[in-house]
2 protein chains.
Amino acid sequence: MAARTPSVTRRARRPARPRGRRAAAKAATRERITAAALHLFASKGFDATTTRAIAVRARVAEGTVFNYFATKEDIALHFFEQEVDSAIAAVRRNARLRKAPLEEKLFALIQSQIEYLTPYENFIGAAFVQALRPSSTLAFSLRAFALRARYLAFVQELIQESLPRHGANAMAWAAPQAFWIYYLGMLLYWLHDQSPGKQNTLAFLDRSLALGVRMLRKGTLG
Amino acid sequence: MAARTPSVTRRARRPARPRGRRAAAKAATRERITAAALHLFASKGFDATTTRAIAVRARVAEGTVFNYFATKEDIALHFFEQEVDSAIAAVRRNARLRKAPLEEKLFALIQSQIEYLTPYENFIGAAFVQALRPSSTLAFSLRAFALRARYLAFVQELIQESLPRHGANAMAWAAPQAFWIYYLGMLLYWLHDQSPGKQNTLAFLDRSLALGVRMLRKGTLG
DNA sequence: GAGTAAATATGAGTACACTCACGTTAGTTA
DNA sequence: TAACTAACGTGAGTGTACTCATATTTACTC
């Protein structure tokens, strides 16, 4: 073999075109698909939106959709990732909350999520609850797991902030898990709440959080 | 038109064959379908069971399945009807419970349901949670509504038995609804509970019911 | 440029839940 | 018995989410 003699200025690794052209195209395609899906989900609901319609609107072939997302549910997950991140950011950003009691922070967190979800209520009812099925690939996907972990870590963070000396609290370890179930129940309640402005949900939220936090402070369930 | 002259002994209404031959056949077909479905659901899970397989096992055409049940989920509902009725009957039958505190009755109710569901855990995870979707035809079907109503009426009955003087209790009206959400959350928890013998679920049940009933007695959430 | 391998896009194909137009049969009347 | 009607059964057909073998494009080397 001839020794590798770099030719001229050794620019080999970088051809004329910009490096990330492929990555950029990929990201753009992904974005077109999620945007198309979100638009259709919001206007027609989850079930009435076909993957074919998503593909057409995103200007890709049907198969391409499944190169980016394993299932139709999985496309919806992208939406929830945005939703959770947005809610966490909103609570972090709110200076007034910083020294507020725990129940107010949690209330703000959930209310922020609900606000984000409101325009998409149709599709959430179908997609989100679907994801709770143990048989759902989504329920056990790494992405979904990571998302829940991120959310619960933030909740844990809020708890620690407010109850710093209660690390050994009998309930502390269970609190995030309990909060997760509570949150799911809350969403179900919200989805079915027919009261004007979903008042019932907000009222129940308010009272149940106050109670839950009181329990946490006392450090016991019974 | 000729006047209606009953011929001979007026046995007209009843031809030779027994009256309910058709109804009996119908009931038998329905039973074959539910039995086939239940067997397949339990052994292969809800999703892996095709309606075609159910039809084959029940020895009917595929279309026939849908003459009896609107959807695959709907077949599963039949199972939950049995489950709820069985649990209610078990609590009613148990003499020892009659004068027990409310939380014991509710514990017995849910435990009885869980026992019934245990062999079918696979399929419940898929079918039951599916039914929670607002878009699900099942969720708003009359049958499902009636089933929930029957279940909650029984819960209400247990509450009234134990807290007779608390009719005007601020929480009394909300208690069954709250119990419903609690029950759903419980089931989700149970489905995901990996602890041996589902101990975590039972322990959580025990403590949370005690707490809930105490709240009910005091008549306030906060 | 030409050559290449890997990444990405494609759309016909598959399996499924569910529909529907039609055939078959039980129940009734004459 | 024969004829009629409504209930019931049937299976080919439909629309859908998802797969996969193949075609196309990109990034890179010489």
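Residue numbering restarts at 1 for every chain, and letters A, B, ... go by the order of the sequence lines.
Side chain A:Arg22 to base D:dA27: no donor-acceptor pair is found below 3.5 Å.
Distance check, rounded to the nearest 0.5 Å: CD1 of A:Ile33 to CZ of A:Phe69 gives 6.0 Å. Between the CG atom in B:Leu109 and the CZ atom in B:Phe154 there is a gap of 6.0 Å [rounded to 0.5 Å]. Remark: B:Gln111 CD to B:Thr201 OG1 distance equals 11.5 Å, nearest 0.5 Å.
C:dT10 atom C1' lies 16 Å from atom CZ of A:Arg59, rounded to whole Å. Look at CD1 on A:Ile33: it is 8 Å from P on C:dA9, rounded to the nearest Å. In this structure, B:Lys72 places its NZ atom 8 Å from C1' of C:dC16, rounding to the nearest Å. Per the geometry, CD1 belonging to B:Ile54 stands 17 Å off P belonging to D:dG11, to the nearest Å. For the pair A:Phe69 CZ and D:dC18 C1', the computed distance is 15 Å after rounding to whole Å. The CG atom of A:Asp74 sits 13 Å away from the C1' atom of D:dA17 (whole-angstrom rounding). A straight line from CZ of B:Arg52 to C1' of D:dG11 spans 10 Å, rounded to a whole angstrom. Regarding A:Arg32, its CZ atom lies at a distance of 14 Å from the P atom of C:dT8, rounded to whole Å.
Across all strands shown, B:Val65 has no heavy atoms under 4.0 Å from either base or sugar-phosphate atoms. Base engagement by A:Thr64 is indicated by at least one non-hydrogen atom pair under 4.0 Å involving a base atom.
Of all nucleotides listed (D:dT16, D:dG11, C:dT19), C:dT19 comes nearest to the side chain of B:Phe66.
Ring-centre distance between A:Tyr116 and A:Phe79: below the 6.0 Å cut-off.
Closest-nucleotide positions on DNA chain D for A:Thr49 and A:Asn67 were compared, and the one nearer the 5' end corresponds to A:Thr49.
For the 3.5 Å distance criterion, the side chains of A:Gln113 and A:Tyr183 qualify, holding a donor opposite an acceptor.
Taking side-chain N and O atoms only, B:Lys26 has a distance below 4.0 Å to OP1 or OP2 of D:dC8. Of the side-chain N and O atoms in B:Thr29, one or more sit less than 4.0 angstrom from OP1 or OP2 of D:dG9. For A:Tyr68, no side-chain nitrogen or oxygen approaches OP1 or OP2 of C:dT8 to under 4.0 Å.
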